[in-house]
Amino acid sequence: KEYLSQTTPYADEKAGDSMSETLSGERFLESIRHLDREITALDHERVRLSNCRQDILDKARSLSGPLDGVRVQHGPSNRTEAIGLELASVPDVETLVRKLNDYQDRVNCRIDELVDRKQKAMDIIERIPDARYRALLIHRFLSNLRWSTIANMMGYTDAYVRLTLRDEAIGDFERAW
């Protein structure tokens, strides 16, 4: 929770409706899109770290026999010694697992926050009478689609969706906000 309050400008949402008083409806919707992208980036990093962990474990397994009891007291003179030094500076498996689990917990907190924001947005969107506006808001801000994709799905020109329909939908969202 402390991490969220330090890095997320909208983390006070969980405290109640104080977010409604400080953010416009449009900024709230944009915060959903940004948080969605942040989660994607965090998850890519989690996968990368997990793959690095696996690479290190694989190296350790393949080299553990020849390196048992070897002490290097000078710079590495060959590839095996270099890898041995690299492995000696790597934390143990339990530490790596704990760090990856901590990272996953951070991602999970962001996902929980995103689900809460999307639910709040959906509650407001459902109060908008025009189905076109509801569809546009859901496609853009909850599903994170591009304007051109939304225009194609709705059967309108890109310019009409981006400029006219968007402004009208945001206006209705702001009134319901």
Side-chain angles (χ1 to χ4, degrees), residues 1-58 96-177:
K1 304 275 189 227
E2 180 179 293
Y3 174 80
L4 292 175
S5 64
Q6 291 172 355
T7 60
T8 307
Y10 314 111
D12 61 339
E13 175 187 4
K14 300 212 185 246
D17 280 342
S18 60
M19 181 189 281
S20 306
E21 298 165 10
T22 59
L23 279 181
S24 69
E26 182 175 9
R27 284 208 39 188
F28 173 70
L29 289 170
E30 284 295 337
S31 78
I32 293 171
R33 294 182 39 148
H34 296 307
L35 183 57
D36 207 344
R37 288 183 184 139
E38 180 184 0
I39 290 168
T40 300
L42 286 170
D43 196 51
H44 283 255
E45 180 63 6
R46 181 195 56 77
V47 168
R48 188 188 72 75
L49 291 172
S50 183
N51 289 341
C52 287
R53 176 186 148 263
Q54 191 58 50
D55 290 346
I56 290 169
L57 293 175
D58 291 345
L96 287 172
V97 169
R98 184 179 40 74
K99 286 182 178 185
L100 280 172
N101 287 340
D102 290 347
Y103 199 87
Q104 183 63 53
D105 290 344
R106 189 177 291 171
V107 172
N108 289 343
C109 284
R110 291 288 208 229
I111 291 170
D112 291 344
E113 185 179 349
L114 179 63
V115 169
D116 291 345
R117 286 186 198 182
K118 284 187 175 189
Q119 184 58 52
K120 183 173 183 172
M122 199 63 210
D123 291 345
I124 295 167
I125 290 169
E126 287 173 345
R127 296 193 310 242
I128 296 173
D130 193 316
R132 297 172 307 151
Y133 299 163
R134 289 192 309 268
L136 180 136
L137 293 169
I138 291 168
H139 288 320
R140 179 64 177 176
F141 298 103
L142 303 185
S143 299
N144 224 3
L145 297 179
R146 295 174 184 253
W147 290 117
S148 57
T149 303
I150 297 166
N152 193 18
M153 291 172 69
M154 295 180 76
Y156 297 121
T157 66
D158 185 43
Y160 176 71
V161 168
R162 258 186 318 104
L163 304 173
T164 305
L165 200 60
R166 176 199 171 278
D167 288 347
E168 293 168 359
I170 292 291
D172 268 17
F173 186 88
E174 291 276 353
R175 283 185 285 284
W177 173 252

Please list every donor-acceptor pair under 3.5 Å in which a side-chain atom of residues 130-138 meets a protein atom from a residue at least two apart or in another chain.
residue	atom	partner	partner atom	Å
Asp130	OD1	Arg132	N	2.8
Asp130	OD1	Arg132	NE	3.2
Asp130	OD2	Arg132	NE	3.4
Asp130	OD2	Arg132	NH2	2.9
Arg132	NH1	Tyr160	OH	3.4
Tyr133	OH	Glu168	OE1	2.8
Arg134	NH1	Ile128	O	2.7
Arg134	NH1	Pro129	O	2.9

How far apart are the C-alpha atoms of Met153 and Leu145, what are their side-chain angles, what is the distance that settles it, and do they pass the side chain to side chain contact (heavy atoms under 4.5 Å, CB included) test? CA-CA 10 Å; Met153 291 172 69; Leu145 297 179; 3.7 Å; yes

What is the minimum heavy-atom distance between Phe173 and Ala121, and which atoms define it? CE1-O, 3.9 Å

Before giving the answer on side chain to side chain contact (heavy atoms under 4.5 Å, CB included), spell out for Tyr103 and Leu42 the whole-Å C-alpha distance, their side-chain angles and the decisive distance to 0.1 Å. CA-CA 9 Å; Tyr103 199 87; Leu42 286 170; 3.3 Å; yes

Passing candidate, side chain to side chain donor-acceptor pair (under 3.5 Å) with Gln104, options Asn101, Asp102, Asn108: Asn108

Can you confirm whether more than 12 heavy atoms, excluding those of Arg37, are under 6.0 Å from its CZ atom? yes

Spacing of Arg110 atom CZ and Asp43 atom CG [to the nearest 0.5 Å]: 13.5 Å

Going through the distances and angles, do Lys118 and Met122 end up as a side chain to side chain contact (heavy atoms under 4.5 Å, CB included)? CA-CA 6 Å; Lys118 284 187 175 189; Met122 199 63 210; over 6 Å; no

Is there a salt bridge (charged side-chain N to carboxylate O under 4.0 Å, His left out) between Glu45 and Arg48 once you walk through the steps? CA-CA 5 Å; Glu45 180 63 6; Arg48 188 188 72 75; 2.7 Å; yes

Arg98 side, atom CZ; Asp105 side, atom CG - distance, nearest 0.5 Å: 12.0 Å

At their closest point, which heavy atom of Leu163 faces which heavy atom of Asp167, and how far apart are they? O-OD2, 2.9 Å

From CZ (Phe141) to CD1 (Ile32), nearest 0.5 Å: 9.0 Å

Do the side chain of Arg33 and the main chain of Leu142 share a donor and acceptor less than 3.5 angstrom apart? no

Starting at CD1 of Ile124, measure out to CD of Gln119 and round the result to the nearest 0.5 Å. 10.5 Å

What's the separation between atom CD in Glu113 and atom CD1 in Ile39, rounded to the nearest 0.5 Å? 7.5 Å

Run the salt-bridge test on Lys120 and Asp123 with the 4.0 Å N-O cut-off and return the result as yes or no. no

Atom CZ of Arg166 and atom CZ of Arg140: how far apart are they, to the nearest 0.5 Å? 8.5 Å

Donor-acceptor pair, side chain of Arg127 and main chain of Ala176, under 3.5 angstrom: yes

